[in-house]
Amino acid sequence: MKILVINAGSSSIKYQLLDMEKGNPLASGVVERIGEDMGNLTHKAYPGTADENKSTFEKPFPTHKEGMHEVVALLTDSEKGVIKDRSEIAGIGHRIVHGGEYFFKPTLVDNEMLEKLRKTIPLAPLHNPGHIIGIEVAMELFPGVKQVCVFDTSFHQTMEPKAYQYGIPYELYEELGVRRYGFHGTSHKYVAREASKVLGKPLEECNLVTVHLGNGASLSAVKNGKCIDTSMGLTPLGGIIMGTRCGDIDPAILGYIADQKGWDLKKTLNVLTHESGLKGICGSNDLRDIHKRREEGDERAQLAFDMAVHRCRQFIGAYFFELGEVDAVIFTAGIGENDPDYRAGTMEGLEKFGIKMDADKNANWNRQPSAVSADDSPVKVLVIATNEELEIANDTVAVLNE
Ligand code: AMP
């Protein structure tokens with residue numbers, strides 16, 4: 001069975017075609033700058049990393065439709081294509097950033113569903129309109145093929161009101177849906193399940209802290225396999241310090257900066273989203289660069305790193321108390337998988353809380369889901385490479401089989 005996973009943005013479409021028997025990608029790529037004078041498409045067919053399997057070219061894509069047409073042409077190309085015909089695609093899984101309170105599990109697309117999805121646009125005005133266009137184009141290009149939406153927020157829908165409500169007038173929740181939703185749910189869910197395999201314990205019996213550290217970053221507390229708390233909030237701006245996002249700050253800062261600088265709300269939020277976090281402190285949002293500069297004695301790079309680790313530890317500490325008992329802390333995504341210093345800094349000096357790292361294993365993680373804690377560490381520290389596309393494809397298959 002072949003599943004096409006689509007992540008459509010306002011001016012881009014990321015895609016991956018997966019062979020579900022093998023659990024492997026057959027092809028992946030991205031169409032960018034849709035609607036601009038000149039667009040860009042990068043397509044890669046698997047297996048192999050050879051350049052012959054990769055093509056990048058420029059071409060205008062006036063709308064998402066032309067972009068998707070080109071993707072289908074590449075997938076079915078008589079020479080380099082990975083399928084003969086688009087009818088080989090059994091289902092399409094769409095990554096949707098925000099499902100609001102409407103969607104707590106992967107959902108089959110139909111008219112009623114799309115109507116509900118449109119109601120979530122005010123909650124994710126930058127993402128959900130693009131997702132909806134992606135669904136509409138896919139419905140047109142693949143008539144009769146079932147489409148499934150998989151939401152970044154749905155894994156967190158098991159939180160209780162005490163965890164998701166903000167201390168603001170309750171009417172704002174009732175009227176506008178202002179509450180904590182949480183994001184990266186597909187990744188948190190995927191690594192939680194993989195962790196249960198490593199721990200040799202059913203997921204329903206696992207208490208975990210999942211730490212997704214990419215350019216965007218969030219943590220979740222998972223009790224008996226279900227999310228009970230998460231660090232991101234109404235939007236993906238909240239929580240820990242990220243690449244360019246500020247994470248949680250005193251909300252009054254917003255008004256103070258806007259007043260003093262004469263900025264409007266849009267500009268202020270833009271700075272907190274794109275010019276803050278690690279980049280705001282030291283000018284770079286890439287940990288590789290930050291480590292290099294730390295080694296050269298750059299104080300700002302050191303401060304940025306220390307702040308990020310400090311804030312991450314605060315959340316982990318809070319989640320230990322919420323969970324009471326923890327089987328494992330799991331690191332994943334770009335930083336979580338590749339940065340032993342970040343992991344070591346976050347887990348340092350916590351032996352009394354049951355966390356004992358193995359410096360060697362941490363420095364030489366073998367890319368397999370495995371522990372980087374000492375064998376006798378009561379709380380395991382695992383590193384698991386996330387695979388959101390596979391998770392979306394698995395969810396899509398599950399809905400198709402319902
Ligand atoms: P993601 O959003 O999951 O793709 O993560 C991207 C981030 O991962 C980059 O901005 C880097 O900060 C970080 N990253 C990627 N590779 C490495 C590495 N080898 N060492 C440290 N950080 C890395």
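For ligands, and for the atoms within them, numbers begin at 1 and follow the listed sequence.
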ask   = Between Lys279 and Glu275, is there a salt bridge with N-O shorter than 4.0 Å?
value = yes

remark   = Contacts of Lys356 meeting side chain to side chain donor-acceptor pair (under 3.5 Å) (sequence neighbours excluded), chain-then-number -> Asp376

query = With sequence neighbours left out, what residues match His291 under side chain to side chain donor-acceptor pair (under 3.5 Å)?
reply = Arg294, Asp339

Can you pull out the closest protein heavy atom to [atom]? Residue, atom name and distance to 0.1 Å, please.
| atom | answer |
| --- | --- |
| atom 19 (N) of ligand 1 | Asn338 CB, 3.5 Å |
| atom 12 (O) of ligand 1 | Leu287 N, 2.9 Å |
| atom 5 (O) of ligand 1 | Gly334 CA, 3.3 Å |
| atom 13 (C) of ligand 1 | Ile335 CG1, 3.5 Å |

List ligand 1 atoms under 4.0 Å from [X], heavy atoms only on the residue side.
| X | result |
| --- | --- |
| Asp286 | 11 (C), 12 (O) |
| Gly214 | 1 (P), 2 (O), 3 (O), 5 (O) |
| Asn285 | 10 (O), 12 (O) |

query = Is the His131 ring parallel, tilted or perpendicular to the His127 ring (thresholds 30°, 60°)?
reply = parallel

request  = Look at the rings of Phe305 and Tyr342 and say which category their plane angle falls in: under 30° parallel, 30 to 60° tilted, over 60° perpendicular.
outcome  = perpendicular

So is [X] polar-close to ligand 1, meaning N/O to N/O under 3.5 Å?
| X | result |
| --- | --- |
| Leu213 | no |
| Asn215 | yes |
| Gly216 | no |

ask   = For atom 22 (N) of ligand 1, is the nearest protein heavy atom under 4.0 Å away?
value = yes

ask   = ring-ring contact (aromatic ring centres under 6.0 Å, His included) with Phe151: which of Tyr181, Phe183, Phe104, Phe103?
value = Phe103

key: Minimum-distance pair of heavy atoms, taken over all atoms of Glu348 and Arg313   = O-NH1, 2.9 Å

request  = Could you walk me through whether Ile228 and Met159 pass the side-chain contact (heavy atoms from CB on, under 4.5 Å) test, one step at a time?
outcome  = CA-CA 4 Å; Ile228 60 161; Met159 285 187 290; 5.6 Å; no

